[in-house]
Amino acid sequence: MVTGNLFHSKKNSWPPEEYVSRNTLQLFNFDSAAPPKQAWRRRLNSHANILKEFSVTFMEAIQMVRLGIRLWSYVREEASHGRKAPIDPFTRESCKPSASQGVPLGGMGSGSISRGFRGEFRQWQIVPGTCNISPVMANQFSIFISRDGGNKKYASVLAPGQHEGLGKTSDEGISSWGWNLNGQHSTYHALFPRAWTIYDGEPDPDLKVSCRQISPFVPHDYRDSSLPSAVFVYTLVNTGKERAKVSLLFTWANSIGGISHFSGDHVNEPFIGEDGVSGVLLHHKTAKGNPPVTFAVAASETQNVNVTILPCFGLTEGSFITARKMWGKMMQDGQFDRENFNIGPSMPSSPGETLCAAVSASAWVEPYGKCTIAFALAWSSPKIKFSKGSSYYRRYTKFYGTSERAAVDLVHDALTNYKHWEEEIEKWQSPILEDIRLPEWYKFTLFNELYFLVAGGTVWIDSSSPSADVKSDQDPPIKVESKNIKVAEAEMNCRHSTGFEHTSTSGCNSSTGVGLKQNGNSTIPRKKRSSKHFSHHLKTEDQLDGNEDVGRFLYLEGVEYIMWCTYDVHFYASFALLELFPKIELNIQRDFAKAVLSEDGRKVKFLAEGNYGIRKVRGAVPHDLGTHDPWNEMNAYNIHDTSKWKDLNSKFVLQVYRDFAATGDMAFGIEVWPAVRTAMEYMEQFDRDDDGLIENDGFPDQTYDAWTVHGVSAYCGCLWLAALQAAAAMAQRLGDKFFAETCKTKFFSAKSEFEKKLWNGSYFNYDSGSSSNSKSIQADQLAGQWYTSSSGLGPIFDEFKTRSSLQKIFDFNVMKIKGGRMGAVNGMHPNGNVDESCMQSREIWTGVTYAVAANMLLAGMEEEAFTTAEGIFIAGWSEEGFGYWFQTPEGWTTDGHYRSLIYMRPLAIWCMQWALSPPKAIIEAPKINMMDRIVISPATFSLSLPETRVRKIANKTACFGNSSLQCTC
């Protein structure tokens with residue numbers, strides 16, 4: 001726990017007064033128009049440098065040449081089938097990544113669009129597994145101001161930029177617009193899921209403008225957090241002596257990024273909705289048989305705000321109305337013709353033609369007066385189709401129906417409900433933002449790293465949808481063996497939940513209170529809003545309706561590593577979901593529990609060695625849930641045979657126990673217990689010498705999949721010890737006492753061997769082998785200890801060994817790299833040189849650094865913890881860093897070159913918050929004394945126990961909802 005005065009005197013790192021004048025901040029001090037005191041900030045004229053990617057050394061290239069050849073062949077083979085390989089280091093985007101990212105738009109799992117800090121809409125991920133990073137520059141906000149009877153005018157796109165053809169009389173596209181914003185007096189302020197752009201006298205010196213971007217990311221709200229929509233609220237303050245007519249313009253291209261706008265057959269259509277909401281629908285016909293998408297761009301008309309539209313304009317000379325003519329109309333009149341609402345749908349666009357739309361909202365602002373104008377964007381792509389044939393409906397269709405025209409209702413509800421979203425967001429964030437003990441950089445980075453839950457390629461489906469699991473291919477079903485694991489009877493009544501702060505558990509019934517739209521009907525019962533207080537702990541409402549189907553959830557390992565729910569990485573990232581959306585987290589664990597008991601006998605070639613094996617082995621936790629057919633075809637990762645990895649099963653047991661202890665969900669515990677038992681039993685084959693401790697097999701058989709391990713390893717061995725402790729605790733709580741005692745006995749033996757083979761007096765050696773790096777200091781050596789402490793279990797090692805190891809990591813892996821300003825390098829030799837035995841040993845992994853910092857917090861090393869984590873902020877998020885904001889990579893080298901942008905693992909910053917403020921259920925979780933053993937004969941030392949040794953409660957694995965899985969009970 002953080003002490004009360006450690007950071008009390010620390011100066012605010014990023015005060016808003018250094019970016020925006022105090023007078024302007026005071027003018028916006030109403031209706032959330034002013035940026036918050038804690039936020040990530042940039043001036044709009046800041047340079048967006050091109051990011052530098054890592055490169056392998058000559059020796060690394062020699063070592064990986066065979067892998068590279070096999071990977072190249074595999075990438076080409078997948079491309080011949082119209083599919084993208086999950087790992088493809090050979091194909092590069094034409095638009096190089098730059099330090100230009102900002103807060104993304106929309107909720108979770110319905111596709112996302114990112115928005116750069118300078119205003120451009122980029123990083124398009126509407127189709128699952130695809131990411132078009134290039135901005136669509138026709139998508140802009142612009143402003144037109146007229147004063148003194150029209151004698152004084154200002155007009156500009158509200159984004160700085162220079163474009164080819166700017167000012168040429170022959171240009172009919174967006175270069176003909178007024179790109180007059182310098183950005184020197186305009187600033188961006190980000191606190192996910194909101195962002196503020198303040199135009200402090202640009203382009204009109206007497207007009208202050210605040211644009212507030214809001215997305216429906218509301219923790220514990222499993223409805224609104226699935227909605228594909230965002231709101232842009234403009235607050236205008238006239239500091240001049242003259243009345244001003246202000247017109248804001250929102251332009252949008254019929255595109256889903258890349259060159260999709262050229263494909264043709266796109267249609268635009270005006271609409272007038274309820275409550276003054278009106279705009280344009282842009283119906284987009286996607287390529288390659290992907291489901292269509294409909295965008296809605298709209299504004300809210302009020303007594304003082306007039307909304308007009310231009311349903312269609314083009315970017316080339318042949319267009320009926322060109323971008324130049326559209327801009328000229330706005331310069332002259334500040335609005336479009338009202339008759340445009342009656343035009344009806346446009347003709348389908350021709351191939352090579354770009355179809356755009358515009359929505360204008362204009363108002364008079366009196367001298368020293370204020371005005372608010374709200375725009376919204378929504379997109380409706382109700383069906384997801386994966387490349388091997390399975391189709392599902394997205395989560396939001398449960399509430400809005402399955403028509404693309406639901407975009408009308410989505411954009412309407414965004415404009416009428418955004419104030420409620422903001423209230424709930426502020427209630428959630430305020431306790432952390434107002435905590436004077438915490439550094440300023442930590443507060444806003446904690447929230448901003450959550451960008452990945454929107455922009456990380458997330459998919460959230462309605463699992464009860466009648467179109468779910470539609471499968472067109474004829475692959476053989478996956479065999480699921482259900483072992484009749486039995487445990488003692490446990491109380492399941494919802495009034496007797498175990499270990500949770502509130503009186504609740506799964507199994508209670510309640511109504512969601514949400515009206516479902518049928519067949520795309522625009523009129524539905526609106527959800528009744530309530531003002532619930534959100535703290536940063538697990539919420540009561542996550543427990544009350546245990547039978548509520550919250551759907552199934554996927555998120556990518558990263559936009560460059562296209563694998564869903566990569567489990568060894570989810571191990572670090574899952575704290576964010578457990579803290580904010582625990583029902584989603586439990587469902588992910590259920591998916592993996594089912595997978596543990598399944599087997600897929602289809603042959604797969606493993607590229608590292610060129611050998612063959614089967615896709616999924618029973619008892620082994622899969623690396624991921626798949627790429628082209630998630631849930632049905634797992635283990636898209638094919639570099640190594642992950643059924644031989646030594647970390648995945650331990651990580652499964654640890655995550656399941658943590659989630660079980662944190663939520664007190666006894667039904668969940670019983671349901672996944674057979675998989676926990678099976679996962680533990682599976683690992684026994686890796687105990688080569690019967691000492692209770694698993695050994696690695698001389699190849700990179702864990703999450704560091706380029707870093708070879710020999711014999712006993714600090715990382716996998718510590719995870720195994722922690723898994724034994726967690727399995728014993730869970731078995732004891734579920735009444736499987738014999739299994740609990742067996743795990744205790746094995747733990748006692750394994751811990752003794754682990755310390756004997758690896759402890760060197762100040763830290764645990766990397767492994768027990770005799771290689772040049774066996775004595776390296778691994779930053780992640782105490783990962784198991786971190787998890788047991790985070791789960792309310794007792795320490796694995798005594799306090800001296802824990803603190804000594806962490807101090808060694810801090811002194812060497814952290815402070816010897818640029819004075820602690822880059823994070824913790826993965827490997828460091830005891831002589832103070834970086835371990836360069838492979839590319840991963842010499843990298844700094846962002847998520848691992850956050851996890852190490854959390855471990856330090858749990859050990860009472862608060863100053864070291866925040867110094868360690870601050871290195872990631874300095875290198876990745878600060879103005880002096882390398883530009884990785886809102887695209888935090890897996891890691892970077894000591895010279896700042898990245899590998900794998902927009903990566904899952906940095907969500908691990910939420911394990912720091914978990915350590916700082918654990919749920920009451922974790923604090924009060926029953927402790928298990930691992931040294932309190934019963935005598936077990938050697939004949940029963942194995943974890944694979946006869947079924948007669950325990951009593952029966954239920955067989956929770958008899959059948960699963962996934963139609964592709966076959967149960968053989």
Side-chain angles (χ1 to χ4, degrees), residues 50-98 122-125 127-134 257-260 287-288 290 386-388 456-457 556-564 566 569 604-612 623-624 626-629 633 635-642 699-700 703-707 838-840 842-843 845 884 887-893 895-905:
I50 300 298
L51 305 180
K52 296 180 179 179
E53 191 171 10
F54 87 108
S55 58
V56 297
T57 65
F58 176 76
M59 287 304 300
E60 289 167 352
I62 293 297
Q63 292 168 0
M64 293 190 292
V65 64
R66 289 188 177 88
L67 168 61
I69 293 171
R70 296 187 192 105
L71 183 56
W72 168 251
S73 177
Y74 173 68
V75 168
R76 293 185 64 185
E77 179 186 356
E78 287 294 284
S80 70
H81 295 291
R83 299 189 295 261
K84 183 174 175 60
I87 300 175
D88 178 6
F90 309 107
T91 305
R92 287 289 178 264
E93 292 272 356
S94 57
C95 176
K96 293 184 178 180
S98 62
R122 58 192 310 132
Q123 211 82 34
W124 298 73
Q125 297 185 78
V127 177
T130 64
C131 180
N132 293 305
I133 69 173
S134 302
I259 58 172
S260 60
K288 299 180 181 179
N290 287 309
F386 292 102
S387 58
K388 286 196 174 180
L556 291 174
E557 179 178 336
V559 297
E560 298 177 37
Y561 296 160
I562 309 171
M563 294 163 283
W564 301 109
T566 300
V569 184
V604 173
K605 183 177 182 179
F606 300 112
L607 303 179
E609 300 296 332
N611 59 317
Y612 287 84
H623 172 273
D624 55 79
T627 292
H628 301 303
D629 194 9
E633 185 180 88
N635 278 335
Y637 177 90
N638 60 350
I639 305 297
H640 299 290
D641 182 355
T642 59
F699 75 100
T703 194
Y704 300 91
D705 59 350
W707 199 356
C838 71
M839 68 176 189
Q840 290 175 341
R842 62 184 172 91
E843 287 180 329
W845 283 11
Y884 298 132
Q887 52 189 332
T888 318
E890 160 75 306
W892 47 67
T893 58
D895 55 3
H897 295 188
Y898 75 88
R899 182 168 63 82
S900 187
L901 293 171
I902 311 183
Y903 197 77
M904 181 198 295
R905 205 181 319 247

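Computed from a prediction, not measured in an experiment: that's the story for all the values here. The analysis underlying the following values was restricted to heavy atoms, covering all of them including side chains, and did not include hydrogens, waters or symmetry mates.
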| field | Results of ring-ring contact (aromatic ring centres under 6.0 Å, His included) for H623 - residues two or more places apart only | value | Y637, W645

| said: How close do A85 and V75 get, counting heavy atoms only, and between which atoms? | reply: CB-CG2, 3.8 Å

| task | Check G610 against K605 and note the closest heavy-atom contact, atom names and distance. | result | O-CE, 3.9 Å

| field | Partners meeting side-chain hydrogen bond (donor to acceptor under 3.5 Å, both in side chains) with N611 (sequence neighbours left out) | value | none

| said: Measuring from atom CG of N290 to atom OG1 of T130, what distance do you get when rounded to the nearest 0.5 angstrom? | reply: 7.0 Å

| remark: Residues passing the side-chain hydrogen bond (donor to acceptor under 3.5 Å, both in side chains) test with S387, sequence neighbours excluded, are H628

| field | Partners meeting ring-ring contact (aromatic ring centres under 6.0 Å, His included) with Y74 (sequence neighbours left out) | value | none

| task | Given side chain to side chain contact (heavy atoms under 4.5 Å, CB included), test L51 with Q887 step by step and report yes or no. | result | CA-CA 11 Å; L51 305 180; Q887 52 189 332; 3.7 Å; yes

| query | Atom CD1 in I639, atom CD in E609: separation rounded to 0.5 Å? | reply | 11.5 Å

| task | For W892, check ring-ring contact (aromatic ring centres under 6.0 Å, His included) against everything at least two apart and list the hits. | result | Y884

| note | For E560, the salt bridge (charged side-chain N to carboxylate O under 4.0 Å, His left out) test, sequence neighbours excluded, returns none

| task | Go through the steps to decide whether E53 and H897 satisfy the test side chain to side chain contact (heavy atoms under 4.5 Å, CB included), and finish with yes or no. | result | CA-CA 5 Å; E53 191 171 10; H897 295 188; over 6 Å; no

| field | Beyond-backbone contact of F90 with W72, side-chain heavy atoms, under 4.5 angstrom | value | yes

| task | Could you grab the distance from atom CG of L556 to atom CD1 of I902, nearest 0.5 Å is fine? | result | 10.0 Å

| request: Check whether any side-chain heavy atom of R122 lies under 4.5 Å from a side-chain heavy atom of S134, and answer yes or no. | output: no

| remark: So salt bridge (charged side-chain N to carboxylate O under 4.0 Å, His left out) across residues 55-76, not counting sequence neighbours, yields E60-R842

| Euclidean distance, L607 CG relative to D641 CG, rounded to 0.5 Å | 11.5 Å

| said: Give me the atom names and distance for the closest heavy-atom approach of N132 to G258. | reply: CB-N, 3.6 Å

| message | Assess, by modelled atom type and distance only, whether the side chains of D705 and Q840 contain a donor and an acceptor separated by less than 3.5 Å. | response | yes

| Which atoms form the tightest heavy-atom contact between V56 and A61, and what is the distance? | CG2-CB, 4.0 Å

| message | For the CD atom of Q123 and the SG atom of C131, what is their distance to the nearest 0.5 Å? | response | 4.0 Å

| task | Mind checking side-chain contact (heavy atoms from CB on, under 4.5 Å) for I50 and listing every partner two or more places apart, or none if nothing turns up? | result | K96, S98

| Mind checking what makes side-chain contact (heavy atoms from CB on, under 4.5 Å) contact with Y561, not counting sequence neighbours? | I87, E557, M563, R899, S900, Y903

| request: Can you measure from CE (M904) to CD (E890) and round to the nearest 0.5 angstrom? | output: 10.5 Å

| request: Using side-chain hydrogen bond (donor to acceptor under 3.5 Å, both in side chains) as the criterion, list what pairs up with N635, not counting sequence neighbours. | output: none

| task | Taking all non-hydrogen atoms of both residues into account, name the closest pair between A636 and D624 and its distance. | result | N-OD1, 2.8 Å

| message | Any heavy-atom pair between the side chains of P128 and W564 that's under 4.5 Å? | response | yes

| request: Applying salt bridge (charged side-chain N to carboxylate O under 4.0 Å, His left out), name anything that partners K84, two or more places apart in sequence or on another chain. | output: D88

| Of all residues at least two apart in sequence or in a different chain, which pass the side-chain contact (heavy atoms from CB on, under 4.5 Å) check with I259? | F262

| request: State, to 0.1 Å, how close P97 and I133 come at their nearest heavy-atom pair, and which atoms those are. | output: N-CD1, 4.2 Å

